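Here's the structure, in structure tokens; my notes come after.
Everything numeric in this text was worked out from a predicted model, so none of it was measured.
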Amino acid sequence: MAISDRRMAEYAFLGGLYRDGYFPDRVVDRGTAVLVRLCERIEAERPADLAALYVLTHAATEEFNALEAEFEAAGSEIETVAREEIAEDFRAIAMAYGFTEADVEELIATRDW
């Protein structure tokens, strides 16, 4: 399934991480894939409220938790810059799908990073 929302289909997920050589593109690509899948799930499942959205974003956050080991193995980590970039992309996704009242901290509440 491809993202149907034009804004999200054209969105440069994790753009700041790609521009920073500290973050290996091959691992950032996996993070981008997590965010794309999140958009696809939102479009397929159409969460009715914030609680349903948070279920989806928490699952995506768990996928980022699993990526931490890959970042570390590549000599990198999900540190302050990465945390802010990831959180911003979660916020952009929530906004694009009409969840303007979503709390960024709640979107990624299950994070280990």
Side-chain angles (χ1 to χ4, degrees):
M1 176 180 176
I3 299 173
S4 63
D5 182 278
R6 191 185 100 257
R7 291 167 297 176
M8 288 293 96
E10 296 173 357
Y11 189 86
F13 293 110
L14 306 178
L17 302 187
Y18 283 112
R19 289 187 296 275
D20 187 332
Y22 178 68
F23 304 103
D25 285 354
R26 64 182 162 68
V27 183
V28 177
D29 289 345
R30 298 206 46 197
T32 294
V34 169
L35 296 170
V36 167
R37 281 193 303 275
L38 174 59
C39 290
E40 291 170 344
R41 284 193 69 191
I42 291 170
E43 290 179 5
E45 298 180 24
R46 301 191 183 277
D49 55 23
L50 282 174
L53 175 68
Y54 292 148
V55 169
L56 300 179
T57 63
H58 292 173
T61 301
E62 293 293 333
E63 291 186 63
F64 272 101
N65 290 344
L67 283 179
E68 177 67 20
E70 291 185 47
F71 276 102
E72 290 175 2
S76 183
E77 66 180 306
I78 299 178
E79 42 71 74
T80 304
V81 170
R83 282 192 297 271
E84 290 177 9
E85 186 79 15
I86 294 165
E88 176 58 29
D89 285 356
F90 271 84
R91 187 196 67 74
I93 291 168
M95 297 292 287
Y97 291 104
F99 294 97
T100 58
E101 310 254 336
D103 180 279
V104 172
E105 289 302 315
E106 183 58 34
L107 290 169
I108 57 173
T110 59
R111 70 183 167 98
D112 289 339
W113 27 271

Validation row: Val34, Phe13 side chains within 4.5 angstrom (heavy atoms): no

Does His58 reach the side chain of Glu62, with side-chain heavy atoms less than 4.5 Å apart? no

Salt bridge (Lys or Arg N to Asp or Glu O under 4.0 Å) contacts touching residues 97-106 (sequence neighbours left out): Glu105-Arg111

Side chain of Asn65, backbone of Asp112: donor and acceptor closer than 3.5 Å? yes

Measuring only between side-chain heavy atoms, which start at C-beta, is Leu50 closer than 4.5 Å to Phe99? yes

Side chains of Leu14 and Ile86, heavy atoms from C-beta outward: is any pair under 4.5 Å? yes

Taking a hydrophobic cluster as the set of Ile, Leu, Val, Met, Phe, Trp and Tyr residues connected by side-chain heavy atoms closer than 4.5 Å, whether directly or through intermediates, do Val104 and Leu56 fall within one such cluster? no

Any side-chain heavy-atom pair of Phe71 and Val28 under 4.5 Å: yes

Go through the steps to decide whether Asp89 and Tyr11 satisfy the test side chain to side chain donor-acceptor pair (under 3.5 Å), and finish with yes or no. CA-CA 9 Å; Asp89 285 356; Tyr11 189 86; 2.7 Å; yes

Check the pair Glu43, Tyr97 against side-chain contact (heavy atoms from CB on, under 4.5 Å), reporting the backbone distance first and the verdict last. CA-CA 8 Å; Glu43 290 179 5; Tyr97 291 104; 2.5 Å; yes

Does atom CZ (Arg83) have a neighbourhood of more than 12 heavy atoms from anything else shown, all under 6.0 Å? yes

Side chain Glu45, main chain Pro47, donor-acceptor under 3.5 Å: no

Salt bridge check, Arg91 against Glu88: does any charged N sit closer than 4.0 Å to a carboxylate O? yes

So CE of Met8 and CG of Leu38: to nearest 0.5 Å the spacing works out to 10.0 Å

Rounded distance [0.5 Å steps], CD in Glu10 versus CG in Asp5: 9.5 Å

Does anything in residues 11-25 form a salt bridge (Lys or Arg N to Asp or Glu O under 4.0 Å)? List the pairs, not counting sequence neighbours. none

Heavy atoms, side chains only, cut-off 4.5 Å: are Glu85 and Phe23 in contact? no

Can you check whether Leu67 reaches Trp113 side chain to side chain, under 4.5 Å on heavy atoms? no

Do Thr61 side-chain atoms and Thr110 backbone N/O form a donor-acceptor pair below 3.5 Å? no

Same hydrophobic cluster for Leu35 and Met95, using side-chain heavy-atom links shorter than 4.5 Å among ILVMFWY? no

Would you compute the distance between atom OG1 of Thr32 and atom CZ of Arg37 and round it to the nearest 0.5 angstrom? 10.5 Å

